[in-house]
Amino acid sequence: MLSRIQGFMNIGMKLNSLSGRIYSFLIFSITMNAQPKGYLYDESKVIFYQLPDPLVCQDGTKVETAQTWIEKRRPEILKLFKEEVYGESPENRIPMRIKIAEEGQDALGGKAIRKQVAILLGESSRTLSINLLLYLPKVSNQPLPAFLTLNFQGNHTVHSDPAILLPNTWVRNRNGIKDNQAREKDRGLAASRWAINEMINRGYAFATVYYGDIDPDFDDGFQNGIHALFPLLESEKRKWSDWGSIAGWAWGLSRCLDFLEQDPRIDGKRVAVMGHSRLGKTSLWAGAIDERFAMVISNNSGCGGAALSRRRFGETVKRINTSFPHWFCENYKKYNDKEENCPVDQHMLIALAAPRPVYIASAEEDRWADPKGEFLSALHAEPVYQLFGKIFGAKKQPLLNQPVHRQIGYHVRNGKHDVTAYDWNQYLDFADQHLK
Ligand code: GTR
C-alpha cells in the first residue's frame, strides 16, 4: 500500500461534525515494510493455541452435512462475528436512488464503456452519495461477470483516465495532501494496483468505489458516513455490538451490488468482491453477510481479515483495536490479549464464504499480516468446503509464487504488502475457472 511506502505514520484526522472543528491525532499506523517492533515474527515462538471447531455447534452437535451447516452452524457463526467482531449492520432498508453522473462510450482507448453513477442513499434531507466507477468491455451484449472493489484514495487514483470524477468527501492527508481534499495531480497514483486493462481484455467489468464515500476512515464517534444515516435516538446509546467501519464499508458494497444487479450489462450472479488490506478484511466480511457475492478475494488482509488471531503473529487484536478503534465493534476489545476467549477465529470467516470460491493471497515480506496465519485460516476452513464436496487442494503452505486454485485459492508471492499484476493474474485465472 502506498501509505506504507511513504511513511511510518499516518496522521488521523478527527472531525468534530457538530462544530466543524478539525483536529488531528496520531493513529500510529505503521508501514508494512518496517515491521513494528515488539511484535512476534518468529514462528518458533508462536504459542500453543486451539481453534474453535467450525463443525461443532454451540450445543455440541457435530455438523456432518451441508444442510446442518447451512441451517444451523453457519447462522450461529455469522451471529458470533456480528456480535463479537465486526458489529451488526442495520437490517432496515433506506431509500436508494441512482443518478448517472457521466458516461463515455470510448474509454480506455476505445475498448470499454465508462459509467460513473452516484448511488444516493437516505432521505433527501440527509443523503450519502457513493460514487461508483464502472468500466465495461465492449465485447458482447451478454451480461458480464464483474469485479467489485473498494479503493483507498479516490476513483481517480485507479487509472489516469482524465474523465474520472474526483471524490468530494474526506481523503487522508498523505503524499502532500494537507486539506483532506482529493487532487487532480493524483490521477492514476495507484494504477499499479488495478489491472483494469487485463480485466477488460479478459471480458470482465471493473467497478470501484472510494471507501471514504461510504465511511471516512477515522474515529469520529460514528457521526459521519454511512453510520450517520442510521442516527441513534436521544435515549439510545451505541451498543457494544453496533457496527464499526469495516461493517459499514461492507454494507456499502452490498448497496453497490444492488445497483450492479440492476444494470443490464452486468450479471449480478457473477460478481466477485475484492479488497486489499483493511479492504481485504472488508471483502471477507461483505462475502459473509451478503451471499449474493459469487466470489470473495482477500489480498493481504492480515489481522481481523484472513489471519488467525490466536497465533498473535505480527499485528494483534489489541494492537488493531488500539490503532483503529472504529474498525470493529466494541465487543471485539474484550479479546485484546485474550484471543483464546473469542468464540470465533478467522478460519470461520473464510468458511462463511462456503461453498462459493474464495481466494486468500499473502505476500512473503508482509509479516505484519502473518502470511502463514492467512494460509492456516484457509486450511482450517476447508472442512466446511468438504461438506459441499469441494476442496482446497493444499495441505502445506505452497511455495512462493506457486498458486493453488481449487474452490479455495491461495498464493504467497514474493514482495511486500501491496496488490500487484501477479496477484491480479491469479484472481483472473481463478475467476475464469469459476465465473465463466
Ligand atoms: C495497517 C493495519 C493493517 C492493515 C493496513 C491497511 O496499518 O495495521 O491491519 O489493514 O493498515 O489497511 O493498509
Side-chain angles (χ1 to χ4, degrees), residues 1-13 25-41 85-86 149-154 157 171-175 189-190 192-194 208-212 214-219 244-250 253 274-286 297-309 311-328 332-333 335-336 339 346 349 360-363 365-371 373-374 377 415-420 423:
M1 183 185 143
L2 278 170
S3 66
R4 302 229 167 73
I5 300 163
Q6 258 123 26
F8 291 96
M9 281 188 206
N10 285 336
I11 303 298
M13 297 296 294
F25 72 105
L26 277 177
I27 53 170
F28 17 60
S29 169
I30 304 292
T31 73
M32 294 287 173
N33 303 339
Q35 314 286 348
K37 291 217 174 72
Y39 294 87
L40 181 66
Y41 302 107
V85 184
Y86 302 101
T149 71
L150 292 178
N151 66 72
F152 279 89
Q153 287 156 286
T157 63
V171 294
R172 186 175 304 288
N173 280 345
R174 65 151 79 114
N175 310 329
L189 188 71
S192 67
R193 289 191 163 184
W194 304 103
T208 192
V209 159
Y210 167 53
Y211 82 136
I214 305 171
D215 193 26
D217 189 2
F218 57 90
D219 180 18
S245 289
I246 292 176
W249 298 322
L253 282 166
M274 178 273 176
H276 168 61
S277 205
R278 69 197 67 182
L279 301 178
K281 310 180 206 301
T282 304
S283 63
L284 288 169
W285 185 233
I297 305 169
S298 143
N299 192 89
N300 306 179
S301 61
C303 180
L308 291 176
S309 305
R311 281 169 48 81
R312 303 182 187 192
F313 192 103
E315 188 171 26
T316 61
V317 170
K318 181 176 180 188
R319 170 56 190 250
I320 205 166
N321 277 328
T322 310
S323 309
F324 306 102
H326 57 295
W327 281 3
F328 300 88
Y332 198 43
K333 297 183 177 134
Y335 307 110
N336 288 353
E339 287 84 346
Q346 301 304 108
L349 176 63
I360 308 299
S362 307
E365 291 169 38
D366 185 13
R367 290 150 55 75
W368 185 237
D370 187 11
E374 294 178 323
S377 256
K416 298 185 171 71
H417 185 76
D418 197 359
V419 196
T420 66
D423 296 318

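Indexing begins at 1, ligand by ligand and atom by atom, following the structure's order.
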Note, Asp217 side chain near His326 side chain (heavy atom, < 4.5 Å) | yes
Is the closest heavy atom of Lys281 to ligand 1 under 4.0 Å?
-> yes
Any non-hydrogen atom of Trp327 lying under 4.0 Å from ligand 1?
-> yes
Heavy-atom pair with the smallest gap, counting every atom of Trp285 and Ala250 = CD1-CB, 3.8 Å
Looking at Trp368 versus Tyr39, is the centre-to-centre ring distance below 6.0 Å?
-> yes
Within reach of ligand 1, part of Glu315 (heavy-atom separation under 4.0 Å) = side chain
Could you say whether the N/O atoms of His276 and ligand 1 ever approach to under 3.5 Å?
-> no
For the residue pair Ser283 and Ser298, confirm or rule out a side-chain donor-acceptor distance under 3.5 Å.
-> no
Can you list the ligand 1 atoms lying under 4.0 Å from a non-hydrogen atom of Ile320?
-> 9 (O)
Which of these passes ring pair (Phe, Tyr, Trp, His ring centres under 6.0 Å) with Trp249: Phe152, Tyr210, Tyr211?
-> Tyr211
Under 4.0 Å from a heavy atom of Ser277: give me the atoms of ligand 1 that qualify, with their elements.
-> 4 (C), 5 (C), 6 (C), 10 (O), 12 (O), 13 (O)
